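See below for the structure under consideration.
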Amino acid sequence: MNSLEALKKYFGYDSFREPQDQIVDTLINNQNALVIMPTGGGKSVCYQIPAIVKDGVCIVVSPLIALMQDQVNSLKNNGINANFINSTVSESHKKEVIQQIQNNELKLLYVAPERLLEERFYQWLKTINISMFAIDEAHCVSQWGHDFRKDYLNLSRLVYDFPNVPRIALTATANDLTRQEIINNLGLQNANQFICGFDRPNISYNIQIKTNEERQLLDYLEEQKGNSGVVYCLSRKKTEKIAKLLEENGFNALPYHAGMNKDIKELYLNKFLKEENIIMVATIAFGMGIDKPDVRFVCHVDLPSSIEAYYQETGRAGRDGLEATAWMLYGVEDVVRRNNIVKEGTADQAYKMIEMNNLNAMFSLCEVATCRRQVLLNYFGDHLEKPCGNCDNCLNPPKTFNATEACQKALSTAYRTGQIFGTNYLIEVLRGTDNPKIKAKKHDQLSVYGIGKDLSDSDWKNIFRQLIVLGYLKVNPPYSSLSLHSSARSVLKSEKEIFLSEALLKKKVKKVSARKIEQELSYDDTLLFEKLRRLRKELADEQAIPPYAVFNDKTLKDMVLIKPINLNQFLSVTGVGQAKKDKYGNDFIKIIKENTE
């Protein structure tokens with residue numbers, strides 16, 4: 001069986017998305033790969049198809065138990081023999097999985113990095129036929145990243161102990177610094193790299209300044225009644241408080257954080273995955289890798305720690321490609337709180353400076369007056385030529401002022417002082433501060449010394465933050481010196497103007513339809529769609545699996561439009577493979593016939 005035949009048989013798709021086919025060929029040819037692909041872009045298929053086609057078992061390193069269970073359930077439902085070993089399974093289950101591998105019956109085995117590196121288990125791996133290693137959520141290997149896991153660093157052992165087994169590292173979230181750490185720590189210097197862009201055009205980004213946090217959240221969620229979503233909070237206490245607030249106001253909300261009882265967390269997680277109108281109020285202990293495609297919104301009521309964290313967390317929304325929203329509240333108090341967390345931490349000074357830069361970039365995304373998507377993508381080295389038209393700043397542009405002259409002063413100061421100093425020092429030069437260090441370096445004799453006295457320290461900090469987040473200045477680790485990007489030349493030569501926000505105004509949020517998909521269907525087709533959704537839920541409940549593991553909304557919509565009346569026609573529906581045709585085809589065809597004849 002070749003890769004295209006496997007894709008059709010097990011996943012119900014006729015062709016790969018670009019560049020899935022190239023990644024699949026890379027692994028089938030026993031070469032290594034690094035894949036940076038947006039959430040919902042189809043990363044898993046990139047290693048699952050080669051695992052099916054090749055001899056042996058694919059070892060998938062995954063950071064969360066919930067993610068493993070979700071992936072394995074979906075694979076089994078597609079007719080693919082997969083399993084997992086983690087702390088939740090019994091000894092008899094482990095023995096059964098080991099026997100399956102020794103009998104060459106298993107194609108994918110999911111394990112946590114801690115389990116993989118357990119010495120007895122690790123030595124056993126050397127005795128079996130491994131087709132490849134797939135390292136999911138590979139950004140966890142980065143010490144500068146937002147989800148660092150120490151055990152991921154030790155995966156470097158694979159390079160030396162399994163030199164002939166191909167490795168693929170996958171993540172949706174990696175800026176240049178994180179990407180280089182993945183390459184260095186996982187021995188991927190000669191790997192084929194597939195950087196597939198970071199844009200999620202179906203997500204609308206909306207950021208508001210806090211005025212009345214609880215009222216603002218309730219007003220927004222009222223527009224999302226009936227939808228699944230996630231509300232992120234900074235603390236466990238606030239998670240409980242917000243969940244209670246939502247319940248008291250008629251929402252089906254559940255709290256989720258690391259301090260909760262393990263059994264209750266598992267119960268709540270299963271409810272979220274299997275039901276269609278749950279709001280999970282959570283700390284960042286929840287969410288990474290949760291493969292629920294119909295999350296229609298992700299809210300932040302506290303500022304995330306970095307743009308990487310924000311992108312990762314908002315990426316839980318709209319995995320099915322349908323319209324979704326990333327909605328956030330922020331305030332200066334959030335920045336102060338985050339600052340204190342960094343300062344009181346036990347990390348060394350270099351790491352703290354990286355964290356502060358990450359926080360400043362996140363704050364700048366909130367303050368920016370231009371297209372948020374352009375700023376977000378620019379952070380990851382991706383570029384969008386035109387404003388997206390699907391963020392609050394595009395839909396309701398804030399009042400701005402021409403800040404080109406002030407930005408030219410800031411850029412000139414960074415350049416004339418040698419591009420080796422941080423923000424605070426540059427501000428002191430701009431404001432003409434009587435500083436012995438400035439005099440010792442003779443920077444008080446520069447033409448830029450004192451040209452910025454008309455603005456306050458906080459004004460200049462805002463301008464520098466904006467220049468960084470807009471990509472005109474680069475922050476160089478580990479000591480946060482600022483240097484000019486080549487794009488700064490156009491600003492210095494007055495070929496490009498920069499406009500900054502005049503005030504942090506409350507934005508009007510674009511209202512997202514609770515059921516966008518129904519608006520695209522006729523009245524009769526909408527009724528059929530709802531009946532198919534009810535059938536999907538019944539079948540899912542019988543098997544104790546999430547509804548989307550039966551079929552996602554996109555497949556149901558395609559079913560409504562095609563209206564298959566036999567199994568051959570049913571197989572032509574996007575997302576229907578051989579196993580699901582055999583398992584569910586007759587049930588869905590029956591409903592379709594009853595409502596179309």
Side-chain angles (χ1 to χ4, degrees), residues 201 203-213 215-217 219-220 223 299-304 307 310 314 325-336 359-379 383-411 423 427 430-431 451-473 487-488 490-492 494-512:
I203 296 179
S204 177
Y205 296 100
N206 300 279
I207 300 176
Q208 298 183 29
I209 193 165
K210 287 182 183 178
T211 53
N212 183 333
E213 177 182 274
R215 186 70 264 160
Q216 287 172 284
L217 179 62
D219 287 346
Y220 173 71
E223 300 173 2
C299 297
H300 285 86
V301 291
D302 293 306
L303 191 73
I307 289 181
Y310 176 69
T314 57
T325 306
W327 184 89
M328 182 168 71
L329 296 176
Y330 82 101
V332 175
E333 66 275 13
D334 290 323
V335 182
V336 173
L359 180 58
N360 282 334
M362 186 64 234
F363 190 36
S364 293
L365 176 65
C366 298
E367 293 183 314
V368 75
T370 56
C371 172
R372 295 199 197 276
R373 193 182 309 274
Q374 286 181 314
V375 171
L376 189 64
L377 296 180
N378 182 70
Y379 177 84
H383 300 285
L384 189 67
E385 290 299 321
K386 297 179 180 178
C388 71
N390 194 28
C391 71
D392 54 346
N393 282 349
C394 285
L395 295 165
N396 299 282
K399 291 182 179 180
T400 60
F401 70 98
N402 192 326
T404 306
E405 183 179 340
C407 290
Q408 287 172 331
K409 290 178 181 179
L411 293 170
T423 300
I427 291 173
L430 277 163
R431 301 197 72 235
I451 63 171
K453 290 181 178 179
D454 55 321
L455 296 177
S456 67
D457 277 13
S458 60
D459 288 334
W460 280 118
K461 284 179 180 178
N462 180 46
I463 287 169
F464 275 106
R465 277 200 305 269
Q466 294 302 313
L467 287 171
I468 292 166
V469 80
L470 292 170
Y472 297 112
L473 283 173
S487 59
S490 61
V491 179
L492 289 169
S494 298
E495 296 169 356
K496 185 175 182 65
E497 295 182 319
I498 297 180
F499 290 85
L500 300 181
S501 178
E502 193 174 274
L504 298 175
L505 303 176
K506 182 180 179 181
K507 310 290 194 304
K508 181 182 177 183
V509 179
K510 176 187 176 186
K511 183 174 181 177
V512 178

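Since this is a predicted model, take the numbers as computed values, not measurements.
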Original post:
What are the two closest heavy atoms between Ser494 and Gln408, and how far apart are they?
Top reply: OG-NE2, 2.9 Å

**OP:** Nearest 0.5 Å please: distance from the CD atom of Glu497 over to the OG1 atom of Thr404.
**Re:** 4.5 Å

Subject >> From OH (Tyr205) to CG (Asn390), nearest 0.5 Å >> reply: 9.0 Å

Subject >> Side-chain donor or acceptor of Lys496 paired with backbone N/O of Ala488 under 3.5 Å >> reply: no

Original post:
Say you draw a straight line from CH2 of Trp327 to CG of Asp392; how long is it, rounded to the nearest 0.5 Å?
Top reply: 11.5 Å

**OP:** Using modelled atom types only, decide if a donor and an acceptor are shared between the side chain of Arg372 and the backbone of Asn206 within a distance under 3.5 Å.
**Re:** no

Original post:
Got a second to check how far Cys391's SG is from Ile203's CD1, nearest 0.5 Å?
Top reply: 13.0 Å

**OP:** Without swapping roles, check the side chain of Gln216 against the backbone of Leu329 for a donor-acceptor pair under 3.5 Å.
**Re:** no

**OP:** Report the residues that fulfil side-chain contact (heavy atoms from CB on, under 4.5 Å) with Ala406, sequence neighbours left out, ordered by chain and then residue number.
**Re:** Leu455, Trp460, Ile463

Original post:
Heavy atoms, side chains only, cut-off 4.5 Å: are Tyr330 and Asp302 in contact?
Top reply: no

Subject >> Side-chain (Thr400) to main-chain (Phe499) donor-acceptor, under 3.5 angstrom >> reply: no

Subject >> Pairing residues for Pro387 by the side-chain contact (heavy atoms from CB on, under 4.5 Å) criterion, not counting sequence neighbours >> reply: Cys371, Gln374, Cys394

Subject >> With sequence neighbours excluded, residues passing side-chain contact (heavy atoms from CB on, under 4.5 Å) with Asn462 >> reply: Glu367, Arg465, Gln466

Subject >> Sequence-distant partners of Lys409, side-chain hydrogen bond (donor to acceptor under 3.5 Å, both in side chains), two or more places apart >> reply: none

**OP:** Search all heavy atoms of Cys366 against all heavy atoms of Met328 and return the closest pair with its distance.
**Re:** SG-CE, 3.4 Å

Original post:
Does the side chain of Ile207 come within less than 4.5 Å of Tyr310's, by heavy atoms?
Top reply: yes

Subject >> Asp459: salt bridge (Lys or Arg N to Asp or Glu O under 4.0 Å) partners, not counting sequence neighbours >> reply: none

Original post:
Any ion pair linking Asp219 and Arg215 (charged N to carboxylate O, less than 4.0 Å)?
Top reply: yes

**OP:** Could you tell me which residues satisfy side-chain contact (heavy atoms from CB on, under 4.5 Å) with Glu385, sequence neighbours excluded, listed by chain and number?
**Re:** none

Subject >> Partner of Val368 under side-chain contact (heavy atoms from CB on, under 4.5 Å), chosen from Leu376, Leu500, Val375 >> reply: Val375

Subject >> For the student: nearest non-hydrogen atoms of Pro304 and Leu359, plus distance >> reply: O-CD1, 4.2 Å

